[in-house]
Amino acid sequence: AQTNSSRRPKEERRVRANDREYNEKFQYASNCIMTSKYNIITFLPVNLFEQFQEVANTYFLFLLILQLIPQISSLSWFTTIVPLALVLSITAVKDATDDYFRHKSDNQVNNRQSQVLIRGSLQNEKWMNVRVGDIIKLENNQFVAADLLLLSSSEPHGLCYIETAELDGETNMKVRQSVSVTSELGDPNNLASFDGEVVCEPPNNKLDRFCGTLYWRDKKYTLTNQNMLLRGCVLRNTEACYGLVIFAGPDTKLMQNSGRTKFKRTSIDRLMNTLVLWIFGFLVCMGVILAVGNAVWEREVGSLFQSYLPWDPPVDNFLFSAFLSFWSYVIILNTVVPISLYVSVEVIRLGHSYFINWDQQMFCSQCNTAAEARTTTLNEELGQVEYIFSDKTGTLTQNIMSFNKCSINGQTYGEVTDPLGPQPKRLDFTPFNPLADPDFCFYDDTLLESVKVGDLHTHEFFRLLSLCHTVMSEEKSEGELVYKAQSPDEGALVTAARNFGFVFRSRTPGTITTIEMGRPVTYTLLAILDFNNIRKRMSVIVRNPEGKIRLYCKGADTVLLERLHPCNHELMNITSDHLNEYAADGLRTLALAYRDLSEDEWEAWSASHRCADKATDCREDRLAAAYEQIEQDMMLLGATAIEDKLQEGVPETIAVLSLANIKIWVLTGDKQETAVNIGYSCKMLTDDMTEVFIISGHTVQSVRQELRSEHVNGTGGGEGKQLQCPPPPPPPPPPPPSNLMDNISGEFALIINGHSLAHALEADMETEFVSTACACKAVICCRVTPLQKAQVVELIKKHKKAVTLAIGDGANDVSMIKSAHIGVGISGQEGIQAVLASDYSFSQFRFLQRLLLVHGRWSYLRMCRFLCYFFYKNFAFTMVHFWFGFFCGFSAQTVYDQYFITLYNIVYTSLPVLAMGIFDQDVPDQRSLEYPKLYEPGQLNLLFNKKEFFICIAQGIYTSVVLFFVPYAVLSDATQSNGVPLADYQTFAVTTATALVIVVSVQITLDTGFWTVINHVFVWGSLGSYFTIMFALHSQTLFRIFPNQFHFVGSAQSTLLQPVVWLTIALATAICIVPVLAFRFLKLDLKPQLSDTVRYTQLVRQKKRKPGRLGARGGSRRSGYAFAHQEGFGELITSGKNMRLSSLALATFASRHSSSWIDTLRRKKHTHAHTPPTGAETAVKITYY
Amino acid sequence: MVKQEKASANRPDNTAFTQQRLPAWQPMLSAGIVIPGFVLIGLAFIGIGVALFVTSRGIQVLEIDYTGVEQNSPCFPCTDQNRKNCVCDVNFSIDTLFQGPVFFYYGLSNYFQNYRKYGVSKDDYQLSGDLSYFKAPSSTCSPYEYDKNNKPIVPCGSVANSMFNDTFKLFQIVNGAKKQVSLDGKGIAWWTDYNIKYRNPSVTPLKNAFNGTVKPLFWSKPAYELDLSDPANNGFINQDFLVWMRRAALPNFRKLYRRITDGDYAQGLPAGNYTLEVSYNYPVLSFGGRKKVVFSNVSWMGGKNEFLGIAYLVIGSMCVFMSIVMLIVYAKFKFPEED
């Protein structure tokens, strides 16, 4: 499998059918796949090699090697090897299990049976024995074993149908057709003598392209993707087919596509790496200081002290001693960044991911899907999102299409006359049409009447809908039709036609059978002019039973209306009006037209089409030109309008998210009107907005002008819309102060078109675009391509340095999902590609608010608290050695017992902080949804940044000073009550270690805000384990077994029985903790955070509700979400007025609490004068307390 | 029903744990807890501090430096490296009764027993009486592993080699005559050191175990002759040896030499003149060290320790002070909103 990469540069691949000897010359990969990475022998070396590519692991290995040098080793080797071995073995076990399952699945796949044509007869072979050049037979519902060239099929014209779900996630069926010459081969006997040679491109990962030529009997035949059956597809609706293996095993497109996805890192990750580097720098500094100290000491004192402590023979001068001392100190000070940091961070993230997976409130019972954190390493970034890029279709909307309205020959149908009147009756189609779909809803009976009376236009309209599509039908039992459509729009249209009496029944490659008003009709399908994004239309050319040839076309109005026959002018105007109406209602529209073709026209075009089809170069362009040629002078039939339903809770979610200061951009491929309409219906755009800018210029110049005019309007406060006659470009606009632009947000909205966006994204205009767009509260980009979606995301990432989240459900969102910091996939109807590319997936847009405001916020909070505490505890632990260095001749003597050093990070202090990192909550979940402003600290990155880091470090160093100098001052003169001095090394070590464990445990109890049973168990358990393990390690039993390993025998009892020792520990603890406590209390009083206030309010409320009982549980939690949801936002959203008030109230609140405490003081004095006279309920709620 | 069950097959479990609704205690730094807490801690610390301070004041300590740096000091002649078996008398007087039991320490300064390589320079197997390590001491003992003739040193290593070997005799001058104060050397080492950590090889006589080995270079007599009078105080379990082997954490340290608990002096050292007869063997001047003897009595909290009491008083007062500050802040900023 590995060898193929070396062959890749080869220009082409030659495969001769039924000629294994010939093909073997090229050494093509066999069909045996190996996704597994290891086997039993290679596992250990390969896995270790991979693991040591992690910088952290290599670093610890380096330390281990240092420790093995006796002159340097200041710590036993096991202090490093125990944690390292633990980490390596856990990772190895995980890798091994993963690989075992890969082996299993590989085996299962490789041993699948397939029928191979060998020497003229079909033989069963395992997949892995299939070779390139073999001809294999596939039967219905079988998986395709390798990338095959379709040779012949049981169906006419060499057609066969495949499902590509495993390949690209699309569940609809696709058609493949063999080259006509081979389709005649048919049975195995003919195929056995087939000796064609295929010359084609080398293996690649492009699923939708194939380029090759078949040489057979001195003729050339062009091969395209249309002739290929790719591995991973399933054969459907086809009895059997034969294919020639072109690519096998690892060369197949499926395997070529299974590359690793790009690894995303969070900003905390990056910050952490920077900090770790700084700490290494710090460590080196410490090492240098101590080494210099050692040099001085050795020169001044050590050289004289040689009578009692001679220098080691290799150490003959103080400089060399200092050099060794440097490395010794690197070893003992390395615990500032222990290996457990990385492990703990991963464990915490994994825990948070499980909480996301387990969340019932993110479970959708209709689709039976729970939320899934597919990437476990991004959770805390969910708490820092500033920009959300959302797809519209399937994300904001349900992507359930219903045929809602139509316009036929200038007459519009489907209008519900009076929205306030009685609910119109749903039409019952069954008496009229036994084949009708019972789920179909339509209310306007005039359309049905029109069909019944036999209106020709109406009939032609529905005939078009029943013929012009790529839907596949399956008839499970007589009359029970199931349509498999490529897009839900198409399904809705065909279903509509079905209910109105034009039932699409079945299709063969050359025919379409329909039942028109109860009468079966079979049309000959002459050509399908397929849909693509550029053409935005599709056509079919059919010959009806009477022999007339007609082209039916449906497509986007903009495209189709240009191609009509001039005589349609009047009808076109009326239909355009209808189309505009539909678009204004947020409906998706298509225009329908037909064209009659004479036999001659058809023949002529058919010839040119064939010619284009066979072209080897620029085939697609030529085909498009051929299509263009015939899709002219069409007759307009009418237009359809399909309703795209909003998902549940979308407006509320958007309102909550924008209150949380998250900017939401909608990027959609839909047309502007639809997009704007959806914008209004989901409350992104409101009538209260000062202005809605629309940029739709086609040229660079016009786009720039539009942008600038809006810029001016925006900053000037909006004197009115001047889009129609843009003012002359102002003299180079002063670069707007970005904070000014930020200040005016909330009042403007920007809508930009795809072609304008293309200009706006150009290098010279992008800053202008970004500053304008970011000043707007809502941004909608319509008609954008998937690539542009990604470009917009990249633009914001580049210019705003903000955390971006992209949410989408379709294949067109994949690029955006991959380029955003966080990609969210909606597991909806449009296949699973978006989900596969995403980091998080769930089935409803509204779950986004819970993902961000609850899970994201908590994750961020927990991770920040974890990191702060973690760095603190390790600095407190390690820096004691530094101070001790000044008293022990800088000899890298550790303060603690080596076992304590080994176990401190992995046993004594790991679990409490892990429990905090996993379970901590500052405010309950419903409060974070109720007060979206609580999300802000994450966006501003307030909880863990360089400043916070230095505070933690400072606290850690302070603690280390206390922990060293208090025992130093006390113990140097103290004695036991029997007169034995306490100043011996072991007593000192035990005292300092105990004080350290107690201080960091008290600190974690202060830091933990949410004490579950688990926290209690971990905190008390860790303390207990410290004493238990210490007594065990200092016990006689262990000493008797390993006298030279357990020097500390008896120290624990002897030390901890002394009252002075406990007084020392208590003193050190008080000196460390009291200032922290006082500082936190004063901060809480003078400069409370919003979360503190929310928490406090809740506490007060609970006390009031249940007098005499302190709140032991956080709030009422039964159905808190729904309740808070209603109370907070039901009213709020229905009137935009309320929403603004509350956001104002929140804004004033936030600014109040982020100002300095002096301001707070001043404000308190004027508090009566300043009470905002708001009537809004939320405002009252927040200023209450 | 069945269909419904199937539809929610993927539904996550509704448990307090998975839904993050475990009952939890959410403490808040409320004024009602913090301020009284500070007052309580403060008062407790002040109380302890006063007790410690008073107790510490009651402890008597007498320190005498006998290094002999100054020319007129009694031990100055002994600082000459060439003089063997030098003895000097250090005279001192006590004004009031030195309350018993009195503990007699020797102290060294600028002496780095806590140096890493010094600390590891011993062989724990050897010291626990394992005879195989008598023949081949552990390499950690280097350079005191073998002597010049390549004979193993027992006990090996720097720690043992540098054992303090000054000895003292204390006399009270009663009516011009010297009356020896009996010194008790039992139980001055840790119980675990004496009973577990250090073991003589189970060979009688002890001397035989040391066949083929040499004594540490600095020692005047081999380990099995440290105390010939008492086999329970000889060899590796000699109390003075154990005291020395328990290395000090800091460069200035004192170690217990003897207790004065017997006979006439059980109640303490009465006021009067005393002579300390020092047999001066241990050179410290070469590295700027100092030697001293310390007499001290102890209380429930051990020896004299002024720092602890003062520190407790300071921290206690600061807690009380902080609680007042917090009360003011709280009254100013919280009370109006409570209404």
Side-chain angles (χ1 to χ4, degrees), chain A residues 74 301 304-305 307-310 355 358-360 363 365 368-370 887-889 891-893 969-970 972-977 979-981 983-985 988 1009-1012 1036 1039 1043-1044 1049-1050 1054 1059-1060 1063 1067 1070-1071 1074 1078 1080-1082 1084-1086 1095 1099 1112-1114 1117 1185, chain B residues 7-12 14 18-26 28-29 34 103 112 114-119 124-125 128 143 158 162 190 192 196-197 246-251 253-256 259 286-287 298 300-305 307-308 311-312 315 319 322 326 329-330 333-334 337:
Chain A
S74 45
V301 184
L304 305 173
F305 195 62
S307 49
Y308 293 116
L309 182 66
F355 281 135
W358 284 335
D359 195 336
Q360 278 208 313
F363 172 77
S365 39
N368 190 24
T369 34
F887 295 89
C888 67
S891 61
Q893 171 67 49
V970 176
S972 53
D973 282 335
T975 65
Q976 299 185 4
S977 42
V980 176
D984 66 291
Y985 168 71
F988 192 83
F1010 193 75
W1011 282 83
T1012 64
Q1036 308 170 13
F1039 176 78
N1044 69 336
V1049 57
S1054 156
V1060 180
L1063 287 173
L1067 181 67
I1071 297 177
V1074 161
R1080 291 204 179 168
F1081 179 81
L1082 290 179
L1084 196 66
D1085 265 10
L1086 295 175
R1095 209 167 148 175
L1099 209 76
R1113 281 161 165 270
R1117 301 187 170 224
Y1185 70 75
Chain B
S8 55
N10 294 338
R11 177 180 286 274
N14 186 14
T18 56
Q19 302 308 309
Q20 306 197 58
R21 283 185 206 145
L22 285 174
W25 172 54
Q26 289 173 276
M28 188 109 186
L29 288 180
V34 177
F103 295 86
F112 289 82
N114 59 6
Y115 198 86
R116 175 165 60 88
K117 283 176 200 144
Y118 181 90
D124 290 288
Y125 282 110
S128 64
S158 298
S162 60
W190 280 26
T192 42
I196 292 146
K197 200 170 173 183
R246 178 151 289 278
R247 62 198 184 103
L250 300 164
F253 58 87
R254 55 186 182 162
K255 285 176 182 281
L256 188 55
R259 287 198 184 86
S286 62
F287 56 87
V298 300
W300 58 272
M301 49 153 288
K304 193 171 185 73
N305 205 334
F307 172 81
L308 200 56
Y312 264 84
I315 297 297
C319 280
M322 277 317 294
M326 283 191 268
V329 169
Y330 178 73
F333 295 97
K334 277 287 177 178
E337 282 173 311

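Worth saying up front: this structure is predicted, and the values here are computed from it rather than measured. Chain identifiers are assigned alphabetically (A, B, ...) following the order of the sequence lines, protein sequences preceding nucleic acid strands; residue numbering begins at 1 within each chain.
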Minimum heavy-atom separation for [X] to [Y], with atom names?
X: B:Ser162; Y: A:Tyr308; result: CB-CD2, 3.3 Å
X: B:Leu29; Y: A:Phe1081; result: O-CD1, 3.4 Å
X: A:Asp359; Y: B:Gln19; result: OD1-OE1, 3.5 Å
X: A:Leu1067; Y: B:Ala311; result: CD2-CB, 3.5 Å
X: A:Asp973; Y: B:Arg254; result: O-NH2, 2.6 Å
X: B:Thr18; Y: A:Phe355; result: O-CD2, 3.7 Å

Side chain / backbone / both / neither for A:Ala969 at chain B, heavy atoms under 4.5 Å: both

Engaged part of A:Leu1082 at the chain B interface, taking heavy atoms whose separation is under 4.5 Å: side chain

Straight-line distance of [X] [atom1] to [Y] [atom2], nearest 0.5 Å:
X: A:Thr1012; Y: B:Gln26; atom1: OG1; atom2: CD; answer: 10.5 Å
X: B:Arg247; Y: A:Gln893; atom1: CZ; atom2: CD; answer: 4.5 Å
X: B:Phe287; Y: A:Leu309; atom1: CZ; atom2: CG; answer: 11.0 Å

At a heavy-atom separation under 4.5 Å, does [X] approach chain A through its side chain, its backbone, both, or neither?
X: B:Asn305; value: side chain
X: B:Pro143; value: side chain
X: B:Phe253; value: neither
X: B:Ile196; value: both
X: B:Ser286; value: both

Top residue by heavy-atom pair count (under 4.5 Å) with chain B, among [options]?
options: A:Ala1070, A:Pro981, A:Pro1059; result: A:Pro981
options: A:Gln1036, A:Gln360, A:Arg1095; result: A:Gln360
options: A:Ser972, A:Ala1078, A:Ser891, A:Gly1050; result: A:Ser891
options: A:Val1060, A:Val1074, A:Leu1063; result: A:Leu1063
options: A:Ala974, A:Ser307, A:Ala370; result: A:Ser307

With under 30° as parallel and over 60° as perpendicular, where do the rings of A:Phe305 and B:Tyr118 fit, or are they tilted in between? tilted

Identify which of [options] forms the greatest number of heavy-atom pairs closer than 4.5 Å to chain A.
options: B:Tyr312, B:Phe103, B:Trp300; answer: B:Tyr312
options: B:Gly119, B:Ser128, B:Cys319, B:Pro251; answer: B:Pro251
options: B:Met322, B:Met326, B:Lys304; answer: B:Met326

Under a 4.5 Å cut-off applied to non-hydrogen side-chain atoms, are B:Thr192 and A:Phe1039 in contact? no

Hey, are the side chains of B:Arg116 and A:Cys888 touching, using non-hydrogen atoms and a 4.5 Å cut-off? no

Could you pull out all residues at least two apart from B:Lys197 that satisfy side-chain hydrogen bond (donor to acceptor under 3.5 Å, both in side chains)? none

For B:Ala249, enumerate each residue passing the side-chain contact (heavy atoms from CB on, under 4.5 Å) test, keeping only those at least two apart in sequence or located in another chain. A:Tyr985, A:Phe988

